[in-house]
Amino acid sequence: MIICCYCGSENVLGNECDFCKAPLDPARPKLKELVYLELAQRSFKDLVLFHTYDLLLLLRLVREERSKAYNLMRSLQKGSDLIEMDSDTISFAESEYRAYTARMKLIEGILIDRMGYKPKRIDDKLLESLKAKIENE
């Protein structure tokens, strides 16, 4: 007897629930032990399997790096007026900013699909509240 994890119905055999037609062996996201910036380089297919809490942590890291890349890019652009600046250095800073922006939008898109919105700010209070809800389940 297999119990559906969505509706709780008992099923004899098969890959989907007889009542709600949900898969009987879904791959549900699990919390990661450690979330680090390099995880943001993964594909959509990988990121969509991350737990929402982990995506929020990752989004916070990506937003921080994007801000740093933006500040570096602006500093280099302003500095190029004062001293001779290598165009490769400036274009590298711009490409880093664009890459972090794209990663940020990807993660935000996944969160919009899950939560219905993207959080403007991801602070410790939000993360602690979500973590407490996860641990109580």
Side-chain angles (χ1 to χ4, degrees):
M1 200 54 68
I2 302 170
I3 305 294
C4 176
C5 63
Y6 292 100
C7 70
S9 299
E10 294 181 357
N11 295 271
V12 179
L13 289 176
N15 293 332
E16 68 177 32
C17 175
D18 297 330
F19 178 76
C20 70
K21 305 299 182 208
L24 291 175
D25 58 348
R28 287 209 154 147
K30 298 198 182 337
L31 285 174
K32 297 200 175 306
E33 300 250 341
L34 180 65
V35 175
Y36 48 95
L37 185 61
E38 287 74 21
L39 291 174
Q41 302 302 321
R42 295 208 177 164
S43 69
F44 172 81
K45 287 182 179 182
D46 288 340
L47 289 172
V48 80
L49 298 176
F50 281 31
H51 194 281
T52 303
Y53 182 83
D54 293 334
L55 285 173
L56 288 168
L57 287 173
L58 192 56
L59 179 58
R60 182 160 90 170
L61 293 172
V62 169
R63 284 178 174 174
E64 288 171 4
E65 286 302 310
R66 179 177 177 261
S67 292
K68 290 176 189 174
Y70 178 80
N71 292 334
L72 175 64
M73 179 182 69
R74 294 299 297 151
S75 296
L76 289 173
Q77 289 170 340
K78 289 178 183 176
S80 67
D81 295 340
L82 302 173
I83 57 171
E84 183 89 18
M85 188 65 63
D86 182 16
S87 64
D88 288 342
T89 304
I90 294 172
S91 62
F92 173 76
E94 291 170 350
S95 70
E96 284 291 294
Y97 175 73
R98 282 192 300 274
Y100 282 120
T101 300
R103 286 287 151 192
M104 179 189 75
K105 288 182 178 184
L106 172 62
I107 297 168
E108 287 175 347
I110 296 169
L111 288 170
I112 288 169
D113 291 345
R114 295 222 187 134
M115 301 167 54
Y117 73 100
K118 64 179 179 192
K120 286 185 180 182
R121 241 181 41 181
I122 303 170
D123 56 11
D124 291 336
K125 183 179 176 183
L126 172 71
L127 293 171
E128 288 170 10
S129 170
L130 185 56
K131 185 78 164 183
K133 287 178 184 177
I134 293 167
E135 290 171 353
N136 287 336
E137 285 296 316

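All values reported here derive from a predicted model rather than from experimental measurement.
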side-chain contact (heavy atoms from CB on, under 4.5 Å) involving Asp46 - partner list, sequence neighbours excluded =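 Arg42, Ser43.
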ask   = Residues in side-chain contact (heavy atoms from CB on, under 4.5 Å) with Ala102, at least two apart?
value =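 For Ala102, no residue satisfies side-chain contact (heavy atoms from CB on, under 4.5 Å) once neighbours in sequence are set aside.
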inquiry  = Side-chain heavy atoms under 4.5 Å apart, restricted to Ile/Leu/Val/Met/Phe/Trp/Tyr: what other residues fall into the cluster of Tyr70, or is it alone?
reply    =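 Its cluster mates, by chain and number, are Met73, Tyr97.
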request  = Could you list who else is in Val12's hydrophobic cluster, with ILVMFWY side chains joined at under 4.5 Å, directly or through other members?
outcome  =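 Once heavy-atom contacts under 4.5 Å are chained together, Val12 belongs with Leu13.
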Sub-3.5 Å donor-acceptor pair from the side chain of [X] to the main-chain atoms of [Y], do we have one?
X	Y	result
Ser129	Lys125	no
Asp25	Pro23	no
Ser91	Asp88	yes
Asp18	Asn11	no

Residue [X] excluded, over 12 heavy atoms near [atom1] under 6.0 Å:
X	atom1	answer
Phe19	CZ	no
Lys21	NZ	yes
Glu10	CD	no

query = Taking 4.0 angstrom as the limit, do Glu108 and Lys105 come out as a salt bridge?
reply =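 Here Glu108 does not pair with Lys105 in a salt bridge, since their nearest N and O are not under 4.0 Å apart.
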key: Salt bridge Arg60-Asp124, side-chain N to carboxylate O under 4.0 Å   =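 Yes, this pair counts.
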Just how far is it from atom [atom1] of [X] to atom [atom2] of [Y], taken to the nearest 0.5 Å?
X	Y	atom1	atom2	result
Leu49	Asp54	CG	CG	12.0 Å
Thr101	Arg103	OG1	CZ	12.0 Å
Asn136	Lys131	CG	NZ	12.0 Å

Testing the basics here: between [X] and [Y], what is the closest heavy-atom pair and its distance to 0.1 Å?
X	Y	answer
Gly8	Ile3	O-CG2, 3.8 Å
Leu56	Ile122	O-CD1, 3.4 Å
Tyr100	Leu37	OH-CD2, 3.7 Å
Ile107	Ala40	CD1-CB, 4.4 Å
Ile110	Val48	CD1-N, 4.0 Å
Ile112	Lys118	CG1-N, 3.8 Å

key: Arg121: partners by salt bridge (charged side-chain N to carboxylate O under 4.0 Å, His left out), with sequence neighbours left out   =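 Applying salt bridge (charged side-chain N to carboxylate O under 4.0 Å, His left out) to Arg121 gives Asp123.
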request  = Can you spot which of Leu58, Leu106, Leu59 makes a side-chain contact (heavy atoms from CB on, under 4.5 Å) with Leu111?
outcome  =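 The option that passes is Leu59.
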message = Under the ring pair (Phe, Tyr, Trp, His ring centres under 6.0 Å) definition, can you give me all pairs with a residue in residues 43-63, not counting sequence neighbours?
response =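 Of all non-adjacent pairs touching residues 43-63, none passes ring pair (Phe, Tyr, Trp, His ring centres under 6.0 Å).
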Side chains of [X] and [Y]: closer than 4.5 Å at any heavy-atom pair?
X	Y	answer
Glu135	Leu31	no
Leu61	Leu57	no
Glu96	Glu65	no

inquiry  = Grouping I, L, V, M, F, W and Y whenever their side-chain heavy atoms are under 4.5 Å apart, do Ile2 and Tyr6 come out in a common cluster?
reply    =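 The answer is no; the residues belong to distinct hydrophobic clusters.
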